[in-house]
Amino acid sequence: MRKSIFAFGFSIFFILVFAGIASAQQPQATPSDDQVNAIAKQLYCPVCENTPLDVCPTTACARWRDLIRQQLAAGKTEQEIKDFFVAQYGARVLGTPPPRGINLLVYLVPVVAVVAGAYILFRVYRSWKRPIPLPQSPPTDVAPPPAQAATEDEYIHRLEEEVRKG
Amino acid sequence: MIANLGFGTLILTFIVSIYGAVAAFLGARRNSPALVDSARNAMLLTFPLLTVTTLTLIYLLVGVHFQYQYVSEVISNSMPVSLRITALWGGQAGSLIFWSWLMSAFASAVALRKWDRDREFLPWVILVSLVTLAFFLMLSVFVENPFVSFWATPAGNLITSMFHPAGTTLYIPPDGNGMNPYLRHPGMIFHPPALYLGFVSFVIPYAFAMAALITGRTDDRWIHITRRWTLVAYIFLSIGLLLGARWAYDVLGWGGYWGWDSVEVSSLIPWLTGTAFLHSVMIQEKRGMLKHWNMLLIILTYDLVILGTFLTRSGLLSSVHAFAESAIGPLFFGFIGLTLIASLSLLSRRWNDLKSTAEMGSVFSREFLFLLNNLLFILLFIVCFLGVWFPVLTDAMGIVGQKVPFLSRIFTGQKVTVGPEWYKGITPFFFGGLLLLMAIAPLSAWKSSTYRTVARAIWKPFAVSLVVPVVLIIFGMQSWVAILAFWLCAFVVFVTLYDFWRAAWARHQSRQENLFLALWHLLGKNRRRYGGYIVHLGAVMMAIGIIGIEFFQTETQKTIPQGGEIGLGHYTIQFTSLSSFNTQDGRNVARAVVSVYKDGKFVSELYPRRDYYNESQQYVTIVGLRSTPQDDLYVILADWQSLSTTGATFKVYHNPLVWWLWRGMIVFVLGTLFAAWPTRESQRVLAKKAVPVTSKAFGS
Amino acid sequence: MDEIVTEQTEPTEQPEPTERPAQKIIPRWGRIIAWVGLFALLAIVAMLLLRNLQGPVAVGQVPPTFTLTTFDGKQYGPAEMSGKVVLVNFWASWCKPCEQEAPDLETAWEDYQPRGDVLFLGIAWTDTESASLAYIDRFKITYPNGPDLGTVISQAYRITGVPETYIIDKQGKLAYAKLSPFTSLAEIKAAIDPLLGP
């Protein structure tokens, strides 16, 4: 009696295991438009410039979206699909250039520009002299002296001055 | 006949503008007021002449005279009369005429101002304006003549020519191509003229800048004169860009307002340098600093304006805006190159004269912050310029890789796309920096300002603004970047409002004036400053809209039968019905009726449409849009699928806060108008309290 | 450093200009870099304009070499092409004008193939494999066809669309370029016959 229960349980177990394996290998249900678009959004039409694949209305683009759908259904990951498109149609399908060869410039130049900008600011800062107190020269500038708080008087004075100049 | 009249006046204007330029030059060199006056008259003459040219072209367009090549390109029988007039700028040749006409209008307006104080500028301003005008006229006369007709040879071929070639007969096509259906939208109708107005008006400050360099009068006089011109240019350029964004949102069906498309960006680039210029000249006026910057910025803006016009014409960058290729490229390139070299040479000669007459006091002084402002805009310019030119450059430089095999791994010549992902990875930093500047600069003081002065001025609005991120976090916002961005917006708003309030309160206290009256008078007295603040508030409203759509947009797409539903977030969209009909102007319209439910409650009915234009065989989708300050629901019919009651494909976008983008644009433009509005030249200074008389500022 | 303070009469200017060392003036190397950079930029733009105007590969020049892997896996490279008249045709299954010339091209191939010194190569540009094979099936095309992987070949030829046909003579130079569909079989033959030699 125990042997048959054991055998029965064992068979059930194996059936379940194999069923599980089998179902895991079945292709997924047809991917939804949204799943396709999530990937198509990141790819660009190789024919029409600057048009993302998810909104491109041409027949060719519709075919490419179907291609993405097929590949998703076959279980390919997002990166695999993108790599496939690059291999088929060239680097231009990606939204940013691959960081190789001369394309590195497009990533380096902004950084260099920012550094250059910071350097210019630094040079300007260095070129200042310490502000020399000049008690004898008339206070033609309209900024309140830093030590004092901006009183209403000086604020009005500043306002009127700016209005006059403005 | 009429076309000959148009072409005749075109050639005449070309000759007159060359004459005027030469006369101005000689008049300046020989110190001859008579020659300069003659040049000025020549400049005035260009406007009526070109008006005639433009009117004849419009006459040909409205009268559907298809024997003219340009008319055939942009007009078709089915277009209503109003659209035919706007076809003036629907194609290359007409756009150039329109550009020239606008240039002559602005040049004439400049000629008609009072020149008594600035006589030495006049010949040079005339020279620069007329040389620019002559260039565009040359393109129209020799390369892109809108008045050429079709002629049929005996062999049956078609050729185009202005005058009747021997042995041919005039050929009149039965119908024309008509305007690209995408362009038949109110935004698109006004977008090119607004952009051109903006481009053309930047020529005037540039002309004065060159005059200042040539005559050596490099003080702020030229800036003072061109102050309003710059603002006018800025208004139009901004309106042009904003209309383009609205058009993209309504018509292109991507649920977005800006695609970082090469041609879009190349019209943004002059706006960037123009904004920097607009701010930077204030420093030269108030403190005599940043003079080199101002010259560089206006030279850049001028050449970028010409480049912007060029890039939409030369076919170098193909995009949604593509016009056919033409031999115009080398001519534009030559002109830009020559003017750039000439301007920079002039600047280089006068470099030492443009030394600052003052010094920056501190990192927190307003001058330094404006310098930082210039830098941020220049960095944005570099980034955008790089993004636009990089694909074309790397493609062209592939030839190096071909000729020098050792370098072929680097110069592959492979086409790449520099798309929105790249721009969105870089530009937000700079825009964030600009927001921060908008918050700090109004409360910074000239010259000497320390961390303490700024902190003392700013801590109140800063503290209040912190409420915003706290509230957002409480309400469950996850994205730290979005929270930071919203906080920056709040910071700017509170600082700006605080500055309004503080000034109004001070005035109210000192004059015992009603607070609102005080505010009113304050605004009136200093339009530039407070108009500028209104513009900043508009910019912040736009930023709020942009943050909403960039961070929180959701979308979905589904094919549903009649009666079916699509869900997106809180919304449910039900496909109620579909109707299909033909219109008089050659379209077949498929119009869907969808009902929108929010959280189960009915809120709206929308009518997304798909129009098929028979003659151009193109689909245009018209969005069904529900817009509230909180969010937009954007429903379109997918134009590549078949539509029927058994299955229609809908694409639905949920765009939070985008309403603020469009309203912010209006505030932005109104603020600029307010800043530009002429005031009475009142020099009276009303000081109620005693002020030290030794102040030189009150001397005259 | 001595400071020179002068009084200004202009109310908008500050009254204390100082003699400073030339720090605000851009140093010489900066200016040279700026001018060189400017000229380099202009030169590059000039170069790309010229290339743009040139259009696709010029007749009389040696066209770029390439290796095509067909849909059945065979390779056609310089070795297979040398000494032959090679007709390179760029097409796509979604391209309506390509369909116009497809039957004529196939007929021409059937006529020329027995000779052995003519090679037709069809290059499917930005197409999907299943759609390309369906197109080949539909028009019963027998000459070698392969996808333009990575759009390398079409970029080398700088094509501006499809269909485009390039005919290379036996010496390896480009003899004929057609940037639109062939209108008739006779047109194809008229382009190839002069190149066949004795």
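Throughout, protein chains are lettered first and strands after them, A, B, ... in sequence-line order, and every chain is numbered starting at 1. Computed from heavy atoms alone, side chains included, the values below leave out hydrogens, waters and symmetry copies.
More than 12 heavy atoms of other residues, nucleotides or ligands sit less than 6.0 Å from atom OH of B:Tyr612.
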* To do: Would you please test A:Asn37 and B:Gln557 for side-chain contact (heavy atoms from CB on, under 4.5 Å) and show each step?
  => CA-CA 8 Å; A:Asn37 281 340; B:Gln557 179 182 319; 2.7 Å; yes
* To do: Carefully, step by step, assess A:Asp33 and B:Lys651 under the rule salt bridge (Lys or Arg N to Asp or Glu O under 4.0 Å).
  => CA-CA 10 Å; A:Asp33 283 350; B:Lys651 209 165 156 109; over 6 Å; no
* Show the numbers, then the answer: is there a side-chain contact (heavy atoms from CB on, under 4.5 Å) between B:Phe368 and A:Leu121? => CA-CA 9 Å; B:Phe368 193 81; A:Leu121 284 179; 3.7 Å; yes
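Taking chain B as the reference chain and counting heavy-atom pairs below 4.5 Å, the highest number among A:Val36, A:Ile120, A:Leu94 is found for A:Leu94. In terms of heavy-atom pairs under 4.5 Å with chain B, the best-connected choice from A:Ala116, A:Gly101, A:Pro97 is A:Pro97. Options A:Ala113, A:Ala62, A:Gly95 differ in how many heavy-atom pairs under 4.5 Å they form with chain B, and the most are formed by A:Gly95. Chosen from A:Thr96, A:Thr59, A:Thr58, the residue pairing most often with chain B at heavy-atom distances under 4.5 Å is A:Thr96. Counting heavy-atom pairs closer than 4.5 Å to chain B, the top-ranked of the candidates A:Leu104, A:Val93, A:Asp54 is A:Asp54.
The side-chain heavy atoms of A:Cys56 and B:Trp254, taken from C-beta on, include no pair separated by under 4.5 Å. In this structure, the side chains of A:Asn50 and B:Thr417 come closer than 4.5 Å at one or more pairs of heavy atoms. Contact of the B:Pro420 side chain with the A:Tyr44 side chain is registered, since non-hydrogen atoms from C-beta on lie closer than 4.5 Å.
Residue A:Val114 touches chain B through both its backbone and its side chain, counting heavy-atom pairs closer than 4.5 Å. Residue A:Ile102 touches chain B through both its backbone and its side chain, counting heavy-atom pairs closer than 4.5 Å. Contact annotation for B:Tyr423: neither backbone nor side-chain heavy atoms come within less than 4.5 Å of a heavy atom of chain A.
Taking each heavy atom of B:Leu375 and A:Gly117 in turn, the nearest pair found is CD1-O, 3.5 Å. Closest non-hydrogen pair, B:Lys415 versus A:Arg92, comes out as O-CB, 3.3 Å. Closest approach of B:Gln553 to A:Lys41, counting heavy atoms only: OE1-NZ, 4.4 Å.
How far OH of A:Tyr107 is from CG of B:Leu386: 11.0 Å, rounded to the nearest 0.5 Å.
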